[in-house]
Amino acid sequence: MQRSVRAVQGHPSALLLGLQLLVILAYPFLDASTSGRAVLGAVQVSVVLAATWAVRRTPTLSWVAVLFGAPAVVFSVLEAFVSQTSWVVLVSAFLHVPFYLFVSYALIRYLFHDDKVTRDELFATGAAFTVVAWAFAYVYAGAQVVWPESFIAHGGEGPRPWFELLYLSFTTLTSVGLSDVAPIDDHARSLVMIEQLTGVFYVALVVARLVGLTARRA
């Protein structure tokens, strides 16, 4: 038990990545009921707390994460019960987007703070990528409040559920582009293009870093 606790304490980036993957896998099973959404809200809180914990291990300013993370916790739970309320969705996006972008920035700084690649830094590589996808999902959630009918999917028009927007974010960031959820408003298309550039830049940045360290070690 103590060994497991020490392993978690030594790898907060792995905990963050694991919780995000858990939300992705659990969402289809739990979103249909109020209690299920409450559980998802609690797990989302865990994701926020794990992200804040991971950031504390970096040389960045932890108080910025707390400033946005604490109210993001409240709205993560609130969205589980009133997910169709526009102002709640908009405020939640306003809090989550800068928080997750800050976390991704902090994790990238963590990756670049020395010339050694530790196991937790490898987990941080995946965690930072998924955090960016999370941030853009909230960007899209806020965008369809400000610009209604921004996205369309195989299920028809209307506001897209948050999980569909997360799906769109992952397919865009990874350049898969499955296109069964698509932006139809020019503002939304601009945001999607920004995420496409972000995904390409991130992969190039991390690959260049790992290749450079490998060449230096050789």
What one should report as the nearest heavy-atom pair of Val97 and Ala135 is CG2-O, 3.5 Å

Separation between [atom1] of [X] and [atom2] of [Y], rounded to the nearest 0.5 Å:
{"X": "Ile184", "Y": "Glu149", "atom1": "CD1", "atom2": "CD", "answer": "6.5 Å"}
{"X": "Leu17", "Y": "Leu22", "atom1": "CG", "atom2": "CG", "answer": "11.5 Å"}
{"X": "Thr172", "Y": "Leu165", "atom1": "OG1", "atom2": "CG", "answer": "10.5 Å"}
{"X": "Thr171", "Y": "Gln196", "atom1": "OG1", "atom2": "CD", "answer": "9.5 Å"}
{"X": "Gln144", "Y": "Leu90", "atom1": "CD", "atom2": "CG", "answer": "11.0 Å"}

Please name all residues satisfying ring-ring contact (aromatic ring centres under 6.0 Å, His included) with Phe136, sequence neighbours left out, ordered by chain then number. none

Residues in ring-ring contact (aromatic ring centres under 6.0 Å, His included) with Phe163, at least two apart? Tyr27

Is there a donor-acceptor contact under 3.5 Å from the side chain of Thr198 to the main chain of Ile194? yes

Would a line drawn from the ring center of Tyr138 to the ring center of Trp162 be shorter than 6.0 Å? yes

Would you say [Y] ends up clustered with [X] if hydrophobic residues are merged whenever their side chains have heavy atoms under 4.5 Å apart, either directly or through other cluster members?
{"X": "Leu205", "Y": "Leu173", "result": "yes"}
{"X": "Trp87", "Y": "Leu95", "result": "yes"}
{"X": "Val181", "Y": "Ile152", "result": "no"}
{"X": "Tyr100", "Y": "Leu21", "result": "yes"}
{"X": "Leu191", "Y": "Phe201", "result": "yes"}

Can you list everything that forms a side-chain contact (heavy atoms from CB on, under 4.5 Å) with Pro183? Sequence neighbours excluded, please. Phe151, Ala188, Arg189, Val192

Sorted by chain and residue number, the side-chain contact (heavy atoms from CB on, under 4.5 Å) partners of Ala124 (sequence neighbours excluded) come out as Ser13, Leu107, Tyr110, Leu111

Answer yes or no: does atom CZ of Phe123 have more than 12 heavy-atom neighbours from other residues, nucleotides or ligands under 6.0 Å? no

Kindly indicate whether the side chain of [X], heavy atoms from C-beta on, has any atom under 4.5 Å from the side chain of [Y].
{"X": "Phe170", "Y": "Trp134", "answer": "yes"}
{"X": "Phe99", "Y": "Val103", "answer": "yes"}
{"X": "Ile108", "Y": "Tyr202", "answer": "yes"}

Residues 125-133, side-chain donor-acceptor partners within the protein, below 3.5 Å, at least two apart:
unit_1: Thr125; atom_1: OG1; unit_2: Glu121; atom_2: O; d: 3.1
unit_1: Thr130; atom_1: OG1; unit_2: Gln20; atom_2: OE1; d: 2.6
unit_1: Thr130; atom_1: OG1; unit_2: Gly126; atom_2: O; d: 3.3
unit_1: Thr130; atom_1: OG1; unit_2: Ala127; atom_2: O; d: 2.9

Looking only at the side chains, is there a donor atom on one of Glu195 and Ser169 sitting less than 3.5 Å from an acceptor on the other? yes

Let's go through Leu166 and Ile24 carefully: what are the C-alpha distance in whole Å and the side-chain angles of both, what is the deciding distance for side chain to side chain contact (heavy atoms under 4.5 Å, CB included) to 0.1 Å, and is it a yes or a no? CA-CA 9 Å; Leu166 182 64; Ile24 292 173; 4.2 Å; yes

Hydrophobic cluster partners of Met193 (side-chain heavy atoms under 4.5 Å): none

